[in-house]
Novice: 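This structure is in structure tokens; I'll ask about it shortly.
Quick caveat: nothing in here was measured; it's all calculated off a predicted structure.
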Amino acid sequence: MMPLLSDVHTGSDSDLLRDKLTLLLDSTGEGIYGIDLDGRCTFINRAGADMLGYRVEQVLGKNMHDLVHHSHEDGGHYPEEECPILKAFRKGESCRVDQEVFWRADGTFFPAEYSSYQIVDDGRVRGAVVTFSDISKRRQAEEQLQRAKAELELRVAERTRELSAALRQVRQLSAHAHSVREDERTRIAREIHDELGSLLVALKLDVNWMAKRVADREPVARKCETMDRLIEAAVDNVGRIITDLRPSILDHQGLIAALEWQVQEFSEATELPCEVEFDIAPEAFAPDGAKATAAFRIFQEMLSNVARHARATQVRIAVRLTPAELAMEVEDNGVGAARDALEASTSYGVMGMRERALHFGGALTIAGARFAPADDMPGTLVCLRLPLAGRD
């Protein structure tokens, strides 16, 4: 058994050594005590005794586990054989623990951080020295930090819900605005066709009637021919305007026919070599109504961006329709687009396509081209995935 500090020989040298050791132990703010192989206290400094609510002489010789480490924080019994302090030094190991409590003389406890190290004498383990400290303030700070974190997470979650609700409202408003605009385009196209178109046809008939009656008067006949050509040009322009406002093929022949027509118009207008693929599953049905309009307008914007910005020499267009999904891809070998430009707040075309797609549960992605472009021409691949099981 190790001698207690009080049992050390009282000769002058021993007294000096004991006094120095006592001063050293008492000079630290941490609690320090030693135990023998049976777990009994061989020494303890004043800070440790004060922390535990005892006088030094009350602790010496006592089983420290039974005295200060007998129970868990919830009051449950802490078996001695499970004590890390005793298990560690008896196995020739050290330990450091900061998730347990020490009990005071008055029956209260405090969260403690402690460590245990072996005491070895002549190659034999004689016991252990244990240092401990009261980490109540640190635990309180951690709990306050945890509460603040939980409160912050709650606020973030609430704000996220608010922002999500606001975003849904914005998207609903955007979808309503698109719907209203399409309805207005349809109405204007119909009125132009019915009113202006019929007027131009009537005017053409009148000019033809006049031309027959002034055939012998060459200046007037030439003027009638000029007027007839102008009326023909007006009829063509009116037809183009009507088609731009609302392609009748979309309403009369469906989305796939409208997409094929748009590809042909793009190819003729840009004179770009186009690799075109339409893969329509036999059992698939193209969407109609608002979803078909959204898909068509997104496809128009894809092709329009290629014509206006890409400076491409080759374009690949793929449309695939299955019972579950409509997929459209437009790929070019042009100059590409910088990521920050695509994400800029002024990229209204890209934002419009994405919002249309998101409203119907779809997704629009933009990436570099997959077919071997030149190093300085990264190209662009725009993909739309539109599920067909969602709302129309």
Side-chain angles (χ1 to χ4, degrees), residues 167 170-171 174-175 177-178 181-182 185 237 240-241 243-247 249-250 255-280 291-321 325-387:
L167 182 58
V170 170
R171 284 176 176 165
S174 176
H178 286 312
R181 184 165 59 186
E182 289 296 336
R185 283 180 168 184
N237 287 333
R240 178 183 54 78
I241 292 172
T243 300
D244 289 342
L245 286 170
R246 178 72 180 185
I249 190 173
L250 181 61
L255 176 61
I256 299 303
L259 296 178
E260 291 174 340
W261 168 81
Q262 188 64 57
V263 170
Q264 183 178 357
E265 289 288 307
F266 170 81
S267 179
E268 292 176 355
T270 61
E271 297 183 345
L272 287 174
C274 294
E275 177 187 335
V276 182
E277 176 189 0
F278 277 77
D279 183 8
I280 313 300
K291 186 175 290 187
T293 300
F296 180 76
R297 293 304 185 192
I298 293 173
F299 189 68
Q300 275 189 319
E301 185 69 20
M302 289 178 178
L303 297 180
S304 176
N305 286 338
V306 174
R308 288 182 297 170
H309 307 301
R311 301 206 298 272
T313 59
Q314 183 181 355
V315 180
R316 186 185 66 84
I317 300 169
V319 176
R320 287 181 291 276
L321 179 65
E325 181 185 67
L326 170 67
M328 299 189 299
E329 296 182 355
V330 174
E331 185 176 14
D332 66 74
N333 66 343
V335 296
R339 177 59 55 183
D340 54 352
L342 296 174
E343 301 296 338
S345 59
T346 55
S347 299
Y348 301 115
V350 174
M351 285 192 294
M353 288 191 293
R354 283 179 172 154
E355 288 302 315
R356 282 181 184 267
L358 285 170
H359 179 70
F360 292 100
L364 183 109
T365 59
I366 303 176
R370 292 178 298 201
F371 58 64
D375 292 339
D376 59 342
M377 302 286 275
T380 304
L381 171 63
V382 184
C383 304
L384 172 69
R385 298 288 184 271
L386 197 63

Novice: Under the side chain to side chain contact (heavy atoms under 4.5 Å, CB included) criterion, do Arg320 and Glu329 qualify, and how do the steps go?
Specialist: CA-CA 9 Å; Arg320 287 181 291 276; Glu329 296 182 355; 3.1 Å; yes
Novice: Does any part of the side chain of Leu303, heavy atoms only, come nearer than 4.5 Å to the side chain of Glu265, both counted from C-beta?
Specialist: no
Novice: Taking only residues two or more places apart in sequence, or in another chain, which ones meet Thr313 in a side chain to side chain donor-acceptor pair (under 3.5 Å)?
Specialist: Asn333
Novice: Just jot down the salt bridge (charged side-chain N to carboxylate O under 4.0 Å, His left out) partners of Glu355, sequence neighbours excluded, or say none.
Specialist: Arg171
Novice: Return the set of residues passing side chain to side chain contact (heavy atoms under 4.5 Å, CB included) with Glu325 (not counting sequence neighbours), or none when no residue passes.
Specialist: Thr322, Ala327, Arg385
Novice: Restricting to non-hydrogen atoms, name the atom on Arg354 and the atom on Ile366 that form the minimum distance, rounded to 0.1 Å.
Specialist: NH2-CD1, 4.2 Å
Novice: What do the steps show when you test Glu301 against Val382 for side chain to side chain contact (heavy atoms under 4.5 Å, CB included), and what is the final call?
Specialist: CA-CA 10 Å; Glu301 185 69 20; Val382 184; over 6 Å; no
Novice: Taking side chain to side chain donor-acceptor pair (under 3.5 Å) as the definition, give me every residue that meets it alongside Gln300, ordered by chain and number, with sequence neighbours left out.
Specialist: Gln262, Arg297
Novice: Could you grab the distance from atom CG of Leu384 to atom CZ of Phe299, nearest 0.5 Å is fine?
Specialist: 10.5 Å
Novice: Got a sec, which residues hit side chain to side chain donor-acceptor pair (under 3.5 Å) with Arg240, two or more places apart in sequence or on another chain?
Specialist: none
Novice: Which heavy atom in Ala357 sits nearest to a heavy atom in Ala363, and how many Å separate them?
Specialist: CB-N, 4.1 Å
Novice: Show the nearest heavy-atom pair for residues Val335 and His309, with the distance to one decimal.
Specialist: CG2-O, 3.6 Å
Novice: Please tabulate, one pair per line, all N/O donor-acceptor pairs under 3.5 Å involving side-chain atoms of residues 270-279, not counting sequence neighbours.
Specialist:
residue : atom : partner : partner atom : Å
Thr270  : OG1  : Phe266  : O            : 2.8
Thr270  : OG1  : Leu272  : N            : 3.4

Novice: Quick one: side chain to side chain contact (heavy atoms under 4.5 Å, CB included) partners of Ala257, sequence neighbours excluded?
Specialist: Ile249, Gln253
Novice: Find the distance between CG (Leu364) and CE (Met351) and round it off to the nearest 0.5 Å.
Specialist: 13.0 Å
Novice: Go through Glu268 and Gln264 one step at a time and tell me if the side-chain hydrogen bond (donor to acceptor under 3.5 Å, both in side chains) criterion holds.
Specialist: CA-CA 6 Å; Glu268 292 176 355; Gln264 183 178 357; 3.3 Å; yes
Novice: State which residues pass side chain to side chain contact (heavy atoms under 4.5 Å, CB included) with Ala295; sequence neighbours excluded, sorted by chain then number.
Specialist: Leu255, Leu326, Met328, Leu386
Novice: Which heavy atom of Leu381 sits nearest a heavy atom of Glu331, and at what distance?
Specialist: CD1-CB, 3.6 Å
